[in-house]
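To start, the structure itself, in structure tokens.
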Amino acid sequence: HLVVFLGVPIVYPRLTYIEKTLAGIKSIGLTKLSFLAKQRALVNIWGEPELSDDMNDHWTSEVHMEERKQFVLRLQEFARQRNVRVTFVAGDVHCCGAGRFASSSPQLPPERDHRFMPQIISSAIMNIPPPNLVIRAVHSSAKTYDLDRATNEMMYRLFELDVNGKAPPNNNCKLLARRNFSSYVENLTNHSLIVNIHVQNDTNKGTKAYPINVPALDSSANVV
């Protein structure tokens, strides 16, 4: 099992419409207004909207899509040749969730799919989560996308119930804006990876665990 740690998630909702909005703000010259230009929380030293710098850090930013694709394709080939499962772990988005890459064929189970690569998103233990409005905006673009003709990607509906047993705010069941951490244990019987995302309770005492089972890649699998 190869666990790849990344600064930010590689499987994550697209932020294209936010990028286009920020580009529009710059193109019409709003960042050059003297009042805004002095606000370092809004405009960086290069005269661009400060948030655009954060957007460009994401793998799903338009400027990184091709290198993202090539990175994943290389890992697919590594998994196929070595019969090794690949799992991504990332954070820095101040919420938790999970997603995956997988072969586009629905008949192929994860155990035999070298393209099946889960993404665990877990952050942060201390930082305050983003407002539900932000999560709702990101959640709205959490759709199924095609990486290429053979691979698609999606976020899991992991949080059908919040830690309080109720539906999450705005039914945002793919990303949960609460403090959290994650744990990883190998099942020595079948070599699957048992992942739990531990989410802080409303009372700030204790956590609720959301489990994700990552199956090992069948050593007999060698699907092109």
Side-chain angles (χ1 to χ4, degrees), residues 1-19 54-80 84-106 108-111 113-124 129-130 134-160 168 172-177 180-182 184 192-197 199 210-217:
H1 203 129
L2 173 64
V3 180
V4 180
F5 287 88
L6 300 171
V8 291
I10 198 165
V11 180
Y12 198 66
R14 299 289 190 269
L15 305 171
T16 307
Y17 65 97
I18 299 178
E19 291 181 83
D54 291 334
M55 296 297 100
N56 288 338
D57 285 342
H58 279 267
W59 280 101
T60 50
S61 170
E62 192 66 31
V63 297
H64 296 304
M65 291 302 285
E66 182 58 29
E67 61 181 312
R68 172 182 183 266
K69 177 181 177 180
Q70 295 304 319
F71 179 51
V72 174
L73 293 179
R74 288 189 179 189
L75 286 173
Q76 286 181 357
E77 185 60 17
F78 176 86
R80 187 185 69 83
V84 169
R85 172 69 66 216
V86 176
T87 297
F88 298 105
V89 177
D92 199 38
V93 290
H94 307 300
C95 62
C96 53
R100 58 89 178 135
F101 292 107
S103 290
S104 300
S105 172
L108 191 61
E111 293 82 0
D113 184 6
H114 67 277
R115 296 186 179 92
F116 178 77
M117 300 180 183
Q119 165 75 78
I120 309 301
I121 303 170
S122 180
S123 73
V134 174
I135 293 296
R136 186 176 184 181
V138 175
H139 195 275
S140 66
S141 63
K143 305 172 184 178
T144 300
Y145 297 95
D146 291 325
L147 179 74
D148 62 9
R149 296 174 62 181
T151 312
N152 63 35
E153 58 184 280
M154 61 174 284
M155 298 291 297
Y156 289 132
R157 297 175 62 89
L158 187 61
F159 308 107
E160 297 287 357
N172 296 336
C173 56
K174 298 178 181 179
L175 293 167
L176 194 59
N180 65 91
F181 66 93
S182 54
Y184 305 80
S192 64
L193 187 64
I194 303 169
V195 182
N196 279 285
I197 298 179
V199 184
Y210 292 85
I212 304 153
N213 183 64
V214 181
L217 183 61

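Checking each of Glu62, Glu66, Glu67 against His64 for a side chain to side chain donor-acceptor pair (under 3.5 Å) leaves exactly one that passes, namely Glu67.
Not counting sequence neighbours, the partners of Asn152 by the side-chain hydrogen bond (donor to acceptor under 3.5 Å, both in side chains) test are Arg100. For Phe78, there are no ring-ring contact (aromatic ring centres under 6.0 Å, His included) partners, not counting sequence neighbours. Partners of Tyr184 by side-chain hydrogen bond (donor to acceptor under 3.5 Å, both in side chains), not counting sequence neighbours, listed by chain and number: Ser182.
Between the side chains of Ser122 and Asn180, at least one donor N or O sits under 3.5 Å from an acceptor N or O.
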- Message: The test is side-chain contact (heavy atoms from CB on, under 4.5 Å); show your working for Val4 and Met117 and say whether it passes.
- Response: CA-CA 10 Å; Val4 180; Met117 300 180 183; over 6 Å; no

- Verdict with reasoning, Val214 to His1, per side-chain contact (heavy atoms from CB on, under 4.5 Å): CA-CA 10 Å; Val214 181; His1 203 129; 3.7 Å; yes

- Task: Output, in order, the C-alpha distance, side-chain angles, deciding distance and verdict of side-chain contact (heavy atoms from CB on, under 4.5 Å) for Thr151 and Asp148.
- Result: CA-CA 5 Å; Thr151 312; Asp148 62 9; 3.2 Å; yes

- Step-by-step side-chain contact (heavy atoms from CB on, under 4.5 Å) determination, Val72 to Trp59: CA-CA 11 Å; Val72 174; Trp59 280 101; over 6 Å; no

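The CZ atom of Phe116 sits 6.0 Å away from the CZ atom of Arg85 when rounded to the nearest 0.5 Å. For the atom pair Ser61 OG and Arg68 CZ, the distance stands at 11.0 Å (nearest 0.5 Å). With values rounded to the nearest 0.5 angstrom, Glu153 atom CD is found 9.0 Å from Thr144 atom OG1.
The existence of a salt bridge linking Glu77 and Arg80 is confirmed by a sub-4.0 Å separation between a basic side-chain nitrogen and an acidic carboxylate oxygen.
Ring geometry, Phe88 versus Phe101: the interplanar angle exceeds 60°, so the pair is classed perpendicular (tilted spans 30 to 60°).
With contacts defined as side-chain heavy-atom distances shorter than 4.5 Å, the pair Cys96/Ile121 does not qualify.
Of all non-hydrogen atoms in Tyr145 and Ser141, the two that sit nearest each other are OH-O, 2.6 Å.
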